[in-house]
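Predicted, not measured: the structure shown is a model, and the values here were computed from it. What's counted below: heavy atoms across the whole structure, side chains too, no hydrogens, waters or symmetry copies. Sequence lines set the chain letters: A, B, ... in the order given, protein chains first and strands last, and positions in each chain run from 1.
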Protein chains: 2
Amino acid sequence: MFLDRLDKAILRTLQADCSISNVKLADKVGLSPPACLKRVQRLHRERVIDRQVAILNPLKLGGVLHLVVEVYMERDQKHLNDDFVRRVQQTPQVKECYQVTGEVDFVLIIDVPNMADYELLCEELLYSHANMKSFKTLISMNRVKYDTQMVVEERD
Amino acid sequence: MFLDRLDKAILRTLQADCSISNVKLADKVGLSPPACLKRVQRLHRERVIDRQVAILNPLKLGGVLHLVVEVYMERDQKHLNDDFVRRVQQTPQVKECYQVTGEVDFVLIIDVPNMADYELLCEELLYSHANMKSFKTLISMNRVKYDTQMVVEERD
DNA sequence: CGTGAAATATGTATCGT
DNA sequence: ACGATACATATTTCACG
């Protein structure tokens, strides 16, 4: 699927703020509202725009603890790791999961209200998994940056 | 700021999908559209809702490499680390930054199109920083989960 | 918080380039 | 194939009870 200069301008704008009306967006990128709307609908249909979401401020909701967890697996067997991935995807406290190359197999980003909840989660998700060898937890009480935007380059 | 059952229902809904119209949102949480709108506006004003954004699909934009980087600092001097944080915040490829306790000082989540770009970024951001001792890079070509939602508990 | 009405925005149809 | 204009429908938003 080809994205021209206008599609990219739309994507950059909506990544920064999707609460903008189609009329304002159209004006910003230099199109009529219907022409702009057709492009936005196509970007949704083609799943270039995956979803539109509200980002909440953790500090206004009682605050959270962020955990960065490096997970080491016993054996690199696909079906065992696929099972782990499925469990990760079903666990709402796990916000992100990266399958990585090298010594470590997975990196998880986990949000919980406190350490007691994290310890419970470790039991359910990690210790109970047959193929999990070990894991290392890094604790953060301060998320200094959280940016959901991708770089959409200027040129076609 | 107090959030009641209705505010929380609104937050849960908008976190999952903020492209929904205010009319549908109002219907879903059981309010009239104006009453619902006033709450949403207040949640924005009070910065409980930080922003509304479009999440793009990296696979539809040429694909990206995700890097998890553990950064070790030389000395724990506030002004030196604050300077590092400022540079991190100004670098668009750095998507997330966690200040962590223990051996490691910061964990970065970085998105780049390829390793050559990552190496350039390391020069600019890491090697060139006076207080940076060392760093360890974990490479991921597969982000298995990416969830921006926070858990907003049911009870008041 | 709800109702009703005015102001905006979205979405469709059609035409022109 | 794509954008603009005009028009119909829907939504947002304000005033009032």
Q: Can you measure B:Asp27 atom CG to D:dT11 atom P for me and round it to whole angstrom units?
A: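 About 11 Å, once rounded to whole Å.
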Q: Begin from the C-alpha positions of A:Asp50 and B:Lys60 and carry the test salt bridge (charged side-chain N to carboxylate O under 4.0 Å, His left out) through to its verdict.
A: CA-CA 10 Å; A:Asp50 188 61; B:Lys60 303 278 175 163; over 6 Å; no
Q: Check every atom of C:dG2, D:dA6, C:dA9 against the side chain of A:Pro34 and return the nucleotide holding the closest atom.
A: D:dA6
Q: Would B:Arg51 and A:Asp17 pass as an ion pair if we require N to O under 4.0 Å?
A: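 Judged by the 4.0 Å cut-off on N to carboxylate O distance, B:Arg51 and A:Asp17 do not form a salt bridge.
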Q: Quickly work out the A:Leu43 CG to D:dC2 P distance and round it to whole Å.
A: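 For the pair A:Leu43 CG and D:dC2 P, the rounded distance is 12 Å.
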Q: Measure from the side-chain heavy atoms of A:Gln41 and tell me the nearest of C:dA9, C:dG11, C:dT3.
A: C:dG11
Q: Using whole Å, what does the distance between atom C1' of nucleotide D:dA1 and atom CZ of A:Arg42 come to?
A: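 That distance rounds to 11 Å.
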Q: Whole-Å distance between C:dC1 P and B:Asp7 CG?
A: 9 Å
Q: Looking at B:Arg39, I'd like to know whether one of its side-chain N or O atoms comes within less than 4.0 Å of OP1 or OP2 on C:dC1.
A: yes
Q: In whole angstrom, give the distance that lies between atom CG of A:Leu6 and atom C1' of D:dC2.
A: 11 Å
Q: Measuring from the side chain of B:Pro33 (C-beta onward, heavy atoms only), which nucleotide among D:dT13, C:dG2, C:dG11 has the closest atom?
A: D:dT13
Q: Answer yes or no: are there more than 12 heavy-atom neighbours, outside A:Met141 itself, under 6.0 Å from its atom CE?
A: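 Atom CE in A:Met141 is not crowded, with 12 or fewer foreign heavy atoms closer than 6.0 Å.
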Q: On DNA chain C, compare the nucleotides closest to A:Lys24 and B:Ala35; which residue's is nearer the 5' end?
A: B:Ala35
Q: Whole-Å distance between D:dG3 C1' and A:Arg5 CZ?
A: 14 Å
Q: Verify whether the ring centers belonging to B:Phe106 and B:Phe84 lie closer than 6.0 Å.
A: yes
Q: Measure the distance from CG on A:Asn22 to P on D:dA10 and round it to the nearest whole Å.
A: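 After rounding, the gap between these two atoms is 17 Å.
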Q: Specify the separation, in whole Å, of atom CG of A:Leu37 and atom C1' of D:dT9.
A: 14 Å
Q: Around atom CZ of A:Arg5, are there more than 12 heavy atoms of other residues, nucleotides or ligands at under 6.0 Å?
A: no
Q: Look at the side chain of B:Val23 and decide which nucleotide, out of C:dT10, C:dC1, D:dT12, has an atom nearest to it.
A: D:dT12
